Amino acid sequence: MSVRRRVRLAARMKQRSPWQRTHTCGELTIADKDQQVVLNGWIENHRHHGQIVFLDLRDRYGVTQVVVDQEAGDQQSGMAAGTFELVRRLGAEDVISVRGRVRPRGEGNVNKNRSTGEIELLVQSVTVLSEAETPPFEILDKAEANEELRMQYRYLDLRRRPLQEAMLKRARFVTAIRNFLQQHRFIDIETPILTKSTPEGARDYLVPSRVHGGKFYALPQSPQIFKQLCMVAGLDRYYQIARCFRDEDLRADRQPEFTQIDLEMSFVEEHDVLDIVEAMVVHGMRDGFGIELPQPFPRFDYFEAMDKYGCDKPDLRFDMQLIDCTALAATSDFKVFAGAVQAGGIVKGLCASGAAEKFSRKGIDELTAFVNGFGAKGLAWAKVTDKGLEGSIAKFYDGDKGKQLGAHMAAKPGDLLLFVADQKKVVHKALGELRLKVGGLLGLRDPKVFRCCWVLNFPMFEWNEDKARWQFAHNPFSAPVDWDVQDFGKDTEQIKSRAYDFVMNGWELGSGSIRIHRRELQARVFEFLGITPEQQRANFGFLLDAYKYGGPPHGGIALGVDRIVALALGREGIRDVIAFPKTAMAFDLMAEAPSEVSAEQMAELQILSTVKKPG
RNA sequence: GGGGACGUAGCUCAAUUGGUUAGAGUACCGGACUGUCGAUCCGGUGGUUGCGGGUUCGAUUCCCGUCGUCCUCGCCA
C-alpha cells in the first residue's frame, strides 16, 4: 500500500462512525487485498446457496460482491453471531453497511464485467440501515418498466445506471462550459424568475401577485431582455445556465421548463460570437462526453442551407445534397417536370449513392407515400445502371438525355435518383425530409458521429397565414443585416436578419443574433409588426428606455442544454437527461404537480378559478 | 386544438371470429443447494382486464364516453 493511500485511508477512518463506509462500491481492487473495509449501499441482487450467500452491493460508483460464508466466515474473519441469519432475510434495495475483509476471488470466479470483479468482500458483520419494500419495478440497467411508472417513482429510476450516467455527464458538461466561460471573462449573472409577461412568443406561465392584487408575474421564456440590459450596463460578457419556461404543447425534445446556456457579448460581430461558442461547444463536448468534434463548423447562409439540404438545420453526417434540375427539366418530355417549371416551380433531385439495390418497387412506393405526407404530389425515380436509367422517368431519359441527367446528378451505376417537382417550398420540405429518411435507412445517420454547422442570415420576418400578418422569424431584437433599411414593408421576405442557429446532426441546438442596440430602429421594427407605441412602452419600455442611455452593439446566443446532452448520450428524448421531468401533459407524476390549492390561498391572491368542479 | 398507438398479476407481455376456471416470464413468499454473478431446481401467493356505460345468452375481445402515458401535426418570437 502506497503512503498516499495509507494516509487517505487513515483520514477516512478518523472521523467516521462504525457503520460508515471506508470505500465506495466501485473502488476496491486486488490492490486492496486483505484490508478491513466498510461498504454502504443498496442490495442489487442476492444469490443464496444454502451455506453461502452472495450479495451484489451497489452505490453510484459501482457494484461489489459481498460473500457471507458461514464456515469460512467463522474461521477466517470471525463473522458476528447471527449475521448469516440476518443476511438470509435481506432482499433487493435494502440499504446496508457491510464490514469485512477484501479477498481475491478464487481461480475462475473473476467477473470481468466489473472493475471490482477480481475481489469480493468476506463479511464480518452487517448492519441494516434501511429496509426496502419490493420496488414497483426492478432496478435494472435496461429500462423494462414503462415511462409512466418510471416517472412516478423517479427516485427509483434515477438509481439505474443509465440515468446516473446521464446526470453525471450532464454535470460534467455544464461544469466544463462554466470553466470555459469563466476563463473567457464571462460573468455568471442571475436574472429574475419572477418577471414580466410579454405578448409575443410562447404562452407564459403566470404567477399571481399577492401584494398587487389582480396582477401577475410571468416566468421567463428566456432571460433575453435582461441579458441585453446587462450589456447596456456595461457588464460586457454575460452568461447563465438559465432555466426557461414555455407553456406550449410538448414533444420528446421539449419540456415546459428546460435549461439553456445563455450568453451575450458587447462590441461584437457574428464571427466573434460564433468563434467563441464553437470553441466552447468543442470544449464542453470533449470534457463532458469525450467527444471530439471536427472543426471548423461549416457556416451556411440560410438560403444556401435550404438549397442544399431543404431545411435550415442540415444533418451533415452525410452528403446527399439536393441538386437543382430545373433547367434540365424545363425542356423535358416528362410533363410533370416541364409542367412544374412552367407553373413557376422547381425540380430537384437526390442521388442516393449505391442505393439502387436497397430499394425495391415497394420500398420506393413507401418513399412516395412519405413525400406525399409533406405535400409532394409524387416521387419521380430512376435507378442508374450500366445501360442507362431504369424506373419511372426512364422512358423520358433514354440515351444521351439519361447520360446528361446522370452526369448532372453526379450519379454512377448502382445509385438511386429521386426527384420532386413542385413549388419551391414543397420541394424543399419533401426532399429535405426524404434526404433524412433515406440517409437513415442507408445507415448514414450514425448516433456516434457528430457533425456541427452554423446557419446564418435568417429571414427577418415570416408571414403568419392565420393572423394574416408578418411576424418575427427569430426574435424581435435581432438586427437586420442592413442597418440602414428604411422600409420594412418593402420586399419584406427578402430582409435578412443577423440571426444564426447552431446545428448538430440535424438538431437545432442553439439560436442567437446580433441585436438591435438603438432605440429608433427597435421601435421601427415593433411598429412594422403592428405593435403600437403604447404596447411597446407597456411591454418593452424598459429596454427601449435603456437604449436612450447608451446601448453598446451586442449579440449572443442560447443553447439548449437538455438537447445537447441527449444527443451526445444518444438518448431518444430530453426526459432521459432531466432528473425530474414532466409528462407530455406537463404533469409531474411524482410530485403530482400542478395541484389544487386551498380556497384561502386563492383568496389571498385575489384569484378565482372558472373551472367547474364535478359534483 | 387535430390525428395515431397503448392501458390485462408488483413488472414485461400473451389470450383464436365474442365462448369453459384469463396464461407465461420475471419479481415476491416457502423449500433444496458452499462459488454464484440475470445462479439453478421444486412448490406457492398474486387479477374490479384503467374507470363508467352500452350491445350480447356470454365482453380482455365489439361500440360510446372518460382518465392516463407515449408519438405526431398545429403550436413552441
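The basis for the numbers below is simple: all heavy atoms, side chains too, and nothing from hydrogens, waters or symmetry mates. Computed from a predicted model, the values in this text were never measured in an experiment.
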Neighbour count >12 (heavy atoms, 6.0 Å) for atom CD, A/E592: no

Fit a plane to each ring of A/F488 and A/F528, take the angle between them on a 0 to 90° scale, and name the class: parallel (under 30°), tilted (30 to 60°) or perpendicular (over 60°). tilted

Aromatic rings A/F540 and A/F477: how do their planes relate, parallel, tilted or perpendicular, breaks at 30° and 60°? perpendicular

Strictly by Watson-Crick or wobble contacts shorter than 3.5 Å, is anything paired with [N], and which nucleotide is it?
N      : answer
B/rU55 : none
B/rC76 : none
B/rG35 : none
B/rG44 : B/rC28
B/rU16 : none
B/rU8  : none

Can you tell which of [options] lies closest to the side chain of [X]?
X      : options                : value
A/M151 : B/rU69, B/rC28, B/rU34 : B/rU69
A/A252 : B/rU36, B/rC71, B/rC70 : B/rC71
A/A584 : B/rC37, B/rC70, B/rC33 : B/rC70

Give every pair of a protein N or O atom and an N or O atom of nucleotides 42-50 of chain B that lie under 3.5 Å apart, one pair per line with the distance.
none

Using only side-chain N and O atoms of A/R575, determine if any of them is under 4.0 Å from OP1 or OP2 of B/rC71. yes

Please report the distance separating the [atom1] of [N] from the corresponding atom of [M], rounded so that it comes out in whole Å.
N      : M      : atom1 : answer
B/rG23 : B/rU60 : P     : 13 Å
B/rC37 : B/rG4  : P     : 49 Å
B/rG43 : B/rC6  : C1'   : 35 Å
B/rU45 : B/rA24 : P     : 12 Å
B/rC41 : B/rA5  : C1'   : 41 Å

Verify the ring-centre separation between [Y] and [X]: is it less than 6.0 angstrom?
X      : Y      : result
A/F258 : A/F245 : no
A/H428 : A/Y309 : no
A/Y500 : A/F458 : no

Considering only heavy atoms, which members of residues 538-547 of chain A lie under 4.0 Å from some atom of RNA chain B? none

Would you tabulate the pairs of protein nitrogen or oxygen atoms and nucleotide nitrogen or oxygen atoms of nucleotides 2-11 of chain B closer than 3.5 angstrom?
| from | atom 1 | to | atom 2 | distance (Å) |
| --- | --- | --- | --- | --- |
| B/rG10 | O2' | A/P136 | O | 2.9 |
| B/rC11 | O4' | A/P136 | O | 3.4 |

Closest to the 5' end of RNA chain B, once A/N109 and A/G50 are matched to their nearest nucleotides, is A/G50

Could you check how far CD of A/E148 sits from P of B/rC71, rounded to whole Å? 13 Å

Would you tell me whether A/S513 and A/S478 have side-chain atoms, one donor and one acceptor, within less than 3.5 Å of each other?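 Short answer, yes.
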
Using only heavy-atom distances, determine whether the side chains of A/T191 and A/Q240 contain a donor-acceptor pair under 3.5 Å. yes

Where do N or O atoms of nucleotides 75-77 of chain B meet protein N or O atoms at under 3.5 Å, pair by pair?
| from | atom 1 | to | atom 2 | distance (Å) |
| --- | --- | --- | --- | --- |
| B/rC75 | O2' | A/E248 | OE1 | 2.7 |
| B/rC75 | N3 | A/R254 | NH1 | 3.0 |
| B/rC75 | N3 | A/R254 | NH2 | 3.1 |
| B/rC75 | N4 | A/R251 | NH2 | 3.4 |
| B/rC75 | N4 | A/R254 | NH2 | 2.5 |
| B/rC76 | O2 | A/R254 | NE | 3.1 |
| B/rC76 | N3 | A/R254 | NH2 | 3.3 |
| B/rA77 | OP2 | A/R246 | NH1 | 3.4 |
| B/rA77 | O4' | A/G201 | N | 3.4 |
| B/rA77 | O3' | A/F472 | O | 2.5 |
| B/rA77 | O2' | A/F472 | O | 3.4 |
| B/rA77 | O2' | A/H474 | O | 2.1 |
| B/rA77 | O2' | A/N475 | N | 3.4 |

Applying ring pair (Phe, Tyr, Trp, His ring centres under 6.0 Å), name anything that partners A/Y205, two or more places apart in sequence or on another chain. none

Partner set under side-chain contact (heavy atoms from CB on, under 4.5 Å) for A/S197, not counting sequence neighbours: A/D204, A/L206, A/A218

Please assess A/E248 against A/R254 for the test salt bridge (charged side-chain N to carboxylate O under 4.0 Å, His left out), listing each intermediate value before the final yes or no. CA-CA 9 Å; A/E248 293 294 343; A/R254 280 190 234 155; over 6 Å; no

